[in-house]
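When a residue number appears, it is its place in the shown sequence, counting from 1. Whatever order the structure lists them in is the order used to number ligands and atoms, beginning at 1.
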Amino acid sequence: MSAENPAAGTTTTAPLPSGEVDASAPLLELSGVDIAAGDTLICRDISLTIRPGECHILLGPNGSGKSTLLGGVMGIHPFRIVSGTARLAGRDIAEMTVDERARAGVGMAFQRPPHLKGVSVERFAHAIRAKAALSSAASDLGLTHLLERDVNAGFSGGEAKRWEVLKLALQGPSLCLLDEPESGVDLQHVGVVGDAVNRLLSEPDRSGQPRGALVITHTGFILDSLQADIAHLLVDGRIVASGDPREMLDSIRRNGYRAA
Ligand SMILES: Nc1ncnc2c1ncn2[C@@H]1O[C@H](COP(=O)(O)OP(=O)(O)OP(=O)(O)O)[C@@H](O)[C@H]1O
Ligand SMILES: [Mg+2]
């Protein structure tokens, strides 16, 4: 395991005008990025490059800034990229709104997904023009009993997590951000979630390019189904090490986060 981030800053691309996509560019390229929650700086000097087809894992103790990093890339209030450069397929995303980023191909499965009062799962799928895919995707995740319920209205912890993966499967983003997708999911369904994420990542995006992912996990259970290329360790808002995902998890289990 290296103390530096081997995936960082190895490729630099010239910024593209808004709307243009460079198929040869990294899917996500963060260089020296700081992310604030409101006025509080949480993540500092983040450099990370995810190329099409790559799955990256993000590890770190509670409160280290993992969800903040994903929220900053997605552009969810109150998380803001306050310095550095952040590009999605060559396009600068720092000034883009959350819906512009979603349209550009970023999708996120939340750690604590919100309740959408008055919006059923079926209506949500209809609104994002994914109704045709709903039945089969819901069946894959064992969620066909939820289709008429409002999104996250009384979903169990595991149902809410599986819904987030179903939502991503319906949205079909190019860059999939998953915040602890297996947390709270029972042992039988952890494999179901892993398989669904794996399926999503093994299919090309709408432009025919391989998808990429940044996945937060504490347990590493998702690695039983998911082929991850590299893990990054976030401590106090900084990436302090990057390396083989299983080796890093083993090191954390044995020695804790500081020594990993
Ligand atoms: N809106 C906010 N305003 C101020 N501080 C915030 C805000 N949101 C998060 N933070 C703080 O940022 C730090 C990082 O939080 P974050 O949720 O990113 O951690 P995490 O690594 O995802 O932790 P966990 O493993 O528990 O999910 C925490 O100290 C948290 O209290
Ligand atoms: Mg979190």
Exercise. Between S64 and ligand 1, does any nitrogen or oxygen pair lie at a separation below 3.5 Å?
Worked result: yes
Exercise. Does the side chain of S120 come under 3.5 Å of the side chain of D150 through a donor N or O and an acceptor N or O?
Worked result: no
For this session: Check V73 against I93 and note the closest heavy-atom contact, atom names and distance.
Result: O-CD1, 3.8 Å
Exercise. Please state which protein non-hydrogen atom is closest to atom 12 (O) of ligand 1 and give its distance, to 0.1 Å?
Worked result: I42 CD1, 3.1 Å
Exercise. Quick one: does atom 25 (O) of ligand 1 have a protein heavy atom under 4.0 Å from it?
Worked result: yes
Exercise. For atom 13 (C) of ligand 1, which protein heavy atom lies nearest, and how many Å away is it?
Worked result: G63 O, 3.7 Å
Exercise. To the nearest 0.1 Å, how far is atom 27 (O) of ligand 1 from its closest protein heavy atom, and which atom is that?
Worked result: Q111 NE2, 2.9 Å
Exercise. Protein heavy-atom contact under 4.0 Å for atom 30 (C) of ligand 1?
Worked result: no
For this session: Tell me whether S67 has at least one N, O or S atom under 2.8 Å from the Mg ion (ligand 2).
Result: yes
Problem set entry | Exceeds 12 heavy-atom contacts within 6.0 angstrom, atom CZ of R149 | yes
Exercise. Taking the six-membered ring where the residue is Trp, are the ring centres of W163 and F124 under 6.0 Å apart?
Worked result: yes
Exercise. Can you tell me which residue and heavy atom of the protein come closest to atom 18 (O) of ligand 1, and the distance to 0.1 Å?
Worked result: T68 OG1, 2.6 Å
Exercise. Any N/O/S atom of Q111 sitting less than 2.8 Å from the Mg ion (ligand 2), backbone or side chain?
Worked result: yes
Problem set entry | Salt-bridge present (D224, R246; N to O < 4.0 Å) | yes
For this session: May I ask you to identify the nearest protein heavy atom to atom 1 (N) of ligand 1, giving residue, atom name and distance to one decimal place in Å?
Result: P78 CG, 3.4 Å
Problem set entry | Identity and distance of the protein heavy atom lying nearest atom 7 (C) of ligand 1 | A37 CB, 3.5 Å
Exercise. When you measure from atom 21 (O) of ligand 1 to every protein heavy atom, which one gives the shortest distance, and what is it?
Worked result: K66 NZ, 2.8 Å
Exercise. Starting from atom 17 (O) of ligand 1, which protein heavy atom do you reach first, and at what distance in Å?
Worked result: S67 CB, 3.7 Å
